[in-house]
S.K.: 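Shown below is the structure under consideration.
Side-chain atoms are counted along with the backbone in the values below, which use heavy atoms only and exclude waters and symmetry mates.
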Amino acid sequence: MTAEHLLIDRDRLAPGVVEVTFNRPERRNAFTKAMYEQMRQLCGELAADDTARVLVLRGAGGKAFAAGNEISDFLETDAASYERWIGELLQMIAGLPQVTIAAVDGVCVGGGLAVATHCDLRVATTGSRFGYPIARTLGNALSASVVYRCASVFGEPLTREMLLASRLVSADRAYAVGALVAAVPDADALEAEVAALVTGITQASRVTLQVTKSQLLVRARGAEAAPAGEEELLREVYTGPDFAEGVRAFLAKEKPAFGR
């Protein structure tokens with residue numbers, strides 16, 4: 001992983017606007033541990049940055065915002081601990097004083113969807129799709145906080161459809177339930193919508209935005225707190241036979257044969 005996998009621009013759209021581009025289009029921008037580490041560093045800097053007003057996240061290549069996590073990273077560490085570490089980053093994103101925007105063009109699944117749902121606002125092209133098809137691919141499980149956040153953004157029925165039926169949700173359906181600010185026809189329209197949002201945010205009262213964000217954060221952390229004993233439960237999942245088969249099949253580019 002090099003710095004080119006996470007491109008950071010500042011003040012291109014407007015003063016005080018930070019843009020991050022996930023830049024692994026050959027892997028549909030799947031997140032690596034190093035990318036997550038760089039995001040943690042950036043969030044730490046932004047938390048103390050009074051000059052930054054907006055953070056925009058997007059994926060390179062026009063096919064994906066981010067298609068989950070790099071599976072090989074789970075093999076190099078304790079998977080449950082890695083999941084918790086990623087969860088800490090998600091909370092950092094949610095707690096940023098800046099207004100955060102996920103600009104989605106393409107698939108937004110797994111870790112990519114977790115990042116997008118922890119942003120304040122989401123916009124997408126109409127060809128974009130969202131989901132957590134892990135029951136058919138990896139045989140792992142999400143942390144409860146990530147599931148609850150998805151339900152807060154997409155509603156419980158679509159969250160159940162994503163996880164229990166392994167179906168991807170279209171941008172039109174996501175917009176219909178309020179998960180998206182807008183569903184636009186193409187990448188040019190996406191950039192125009194992001195620019196319009198940025199203009200409105202940078203002209204708004206910083207005090208109003210930050211107080212509102214802090215109020216909503218308190219509500220979310222109360223409603224989306226993980227239950228006691230979750231890490232032990234996730235460790236059972238990640239050391240179990242289904243996840244082992246899911247990783248084997250993924251790396252072999254085969255369909256997994258989970259135990260029935």
Side-chain angles (χ1 to χ4, degrees), residues 3 5-23 29 31 34-60 65-66 85-105 108 111-124 128 130 145-146 148-150 152-154 174 178-182 184 187 190-224:
H5 288 159
L6 202 73
L7 305 179
I8 302 174
D9 293 305
R10 183 157 186 156
D11 302 333
R12 183 186 71 89
L13 284 176
V17 178
V18 178
E19 299 172 84
V20 173
T21 302
F22 310 128
N23 190 37
N29 304 319
F31 296 135
M35 291 169 71
Y36 279 130
E37 183 60 57
Q38 195 173 352
M39 280 290 294
R40 286 173 70 99
Q41 180 179 343
L42 175 64
C43 286
E45 295 169 358
L46 289 176
D49 189 342
D50 292 334
T51 66
R53 300 289 306 275
V54 184
L55 173 64
V56 179
L57 305 179
R58 57 167 61 86
F65 177 77
W85 183 77
I86 294 172
E88 292 171 357
L89 168 62
L90 298 175
Q91 291 304 315
M92 292 176 74
I93 293 171
L96 285 173
Q98 294 80 20
V99 176
T100 52
I101 302 171
V104 179
D105 187 16
C108 180
L113 183 54
V115 167
T117 53
H118 283 78
C119 290
D120 297 309
L121 306 170
R122 287 153 296 280
V123 295
S128 299
F130 305 84
S145 293
V146 170
Y148 300 158
R149 176 96 292 259
C150 186
S152 294
V153 172
F154 283 85
L180 301 177
V181 172
V184 298
L190 181 66
E191 290 305 301
E193 181 65 28
V194 170
L197 282 172
V198 164
T199 297
I201 293 165
T202 55
Q203 293 175 352
S205 164
R206 185 192 297 263
V207 171
T208 301
L209 299 182
Q210 291 188 351
V211 169
T212 300
K213 283 203 59 167
S214 66
Q215 291 167 334
L216 290 171
L217 184 63
V218 170
R219 176 183 182 275
R221 287 183 171 166
E224 299 166 11

S.K.: Suppose we screen for ring-ring contact (aromatic ring centres under 6.0 Å, His included). Which residues come up paired with F65, at least two apart in sequence or across chains?
M.R.: F22
S.K.: Where is the tightest heavy-atom contact between A124 and L180, given as atom of each residue plus distance?
M.R.: CB-CD1, 3.8 Å
S.K.: Parallel, tilted or perpendicular for F130 and F154, by the 30°/60° rule?
M.R.: tilted
S.K.: Side chains of E45 and D49: does their closest heavy-atom pair fall under 4.5 Å?
M.R.: no
S.K.: To the nearest 0.5 Å, how far apart are CG in L90 and NE2 in H118?
M.R.: 4.5 Å
S.K.: Could you check whether any side-chain N or O of R206 sits under 3.5 Å from a backbone N or O of D50, counting only pairs where one atom can act as donor and the other as acceptor?
M.R.: yes
S.K.: Return the minimal non-hydrogen interatomic distance between A14 and V198, and the atom names on each side.
M.R.: CB-CG1, 4.2 Å
S.K.: Quick one: does L57's side chain get under 4.5 Å of T100's, heavy atoms only?
M.R.: no
S.K.: Taking D11 for the side chain and G16 for the main chain, is one N or O donor matched with an acceptor at less than 3.5 Å?
M.R.: yes
S.K.: Quick one: pull up CZ in R221 and CG in L217 and give me the separation to the nearest 0.5 Å.
M.R.: 4.0 Å
S.K.: So Q98 and V18, do their side chains get closer than 4.5 Å, heavy atoms only?
M.R.: no
S.K.: Between the main-chain N or O of V104 and the side-chain N or O of R122, is there a donor-acceptor pair closer than 3.5 Å?
M.R.: no
S.K.: What do the steps show when you test E19 against V194 for side chain to side chain contact (heavy atoms under 4.5 Å, CB included), and what is the final call?
M.R.: CA-CA 11 Å; E19 299 172 84; V194 170; over 6 Å; no
S.K.: Let me confirm one number: the CG-CD distance from L96 to Q210, rounded to the nearest 0.5 Å.
M.R.: 11.0 Å
S.K.: Which atom pair, heavy atoms only, marks the closest approach of C150 to T117?
M.R.: CA-CG2, 4.4 Å
S.K.: Take M92 and M39 through the side chain to side chain contact (heavy atoms under 4.5 Å, CB included) test and state the conclusion after the steps.
M.R.: CA-CA 9 Å; M92 292 176 74; M39 280 290 294; over 6 Å; no
S.K.: Mind checking the CG-CG spacing from N29 to N23? Nearest 0.5 Å is all I need.
M.R.: 7.0 Å
S.K.: In Å and rounded to the nearest 0.5 Å, what is the CD1 to CD distance from I93 to E88?
M.R.: 12.5 Å
S.K.: Run the ring-ring contact (aromatic ring centres under 6.0 Å, His included) test against Y148 and tell me which residues pass, sequence neighbours left out.
M.R.: none
S.K.: Using every non-hydrogen atom in the two residues, find where V54 and T202 come nearest and quote the distance to one decimal.
M.R.: CG2-CG2, 4.1 Å
S.K.: With no hydrogens and no angle check, is any side-chain donor or acceptor of E193 less than 3.5 Å from a backbone partner on V123?
M.R.: no
S.K.: If you round to the nearest 0.5 Å, how far is CD of E37 from CG of L42?
M.R.: 12.0 Å
S.K.: Any sub-3.5 Å donor-acceptor pair from S214's side-chain atoms to V211's backbone N or O?
M.R.: yes
S.K.: Among residues at least two apart in sequence or on other chains, which ones pass side-chain hydrogen bond (donor to acceptor under 3.5 Å, both in side chains) with E224?
M.R.: R149, S152
S.K.: Dump the intermediate steps for side chain to side chain contact (heavy atoms under 4.5 Å, CB included) on D120 and L216, then the final yes or no.
M.R.: CA-CA 10 Å; D120 297 309; L216 290 171; over 6 Å; no
S.K.: Salt bridge (Lys or Arg N to Asp or Glu O under 4.0 Å) between D105 and R58: does it pass, once the steps are laid out?
M.R.: CA-CA 8 Å; D105 187 16; R58 57 167 61 86; over 6 Å; no
S.K.: Where do F31 and I86 land on the side chain to side chain contact (heavy atoms under 4.5 Å, CB included) test, with the steps shown first?
M.R.: CA-CA 10 Å; F31 296 135; I86 294 172; over 6 Å; no
S.K.: Of all heavy-atom pairs between L46 and A52, which one has the smallest distance, and what is that distance?
M.R.: CD2-CB, 3.9 Å
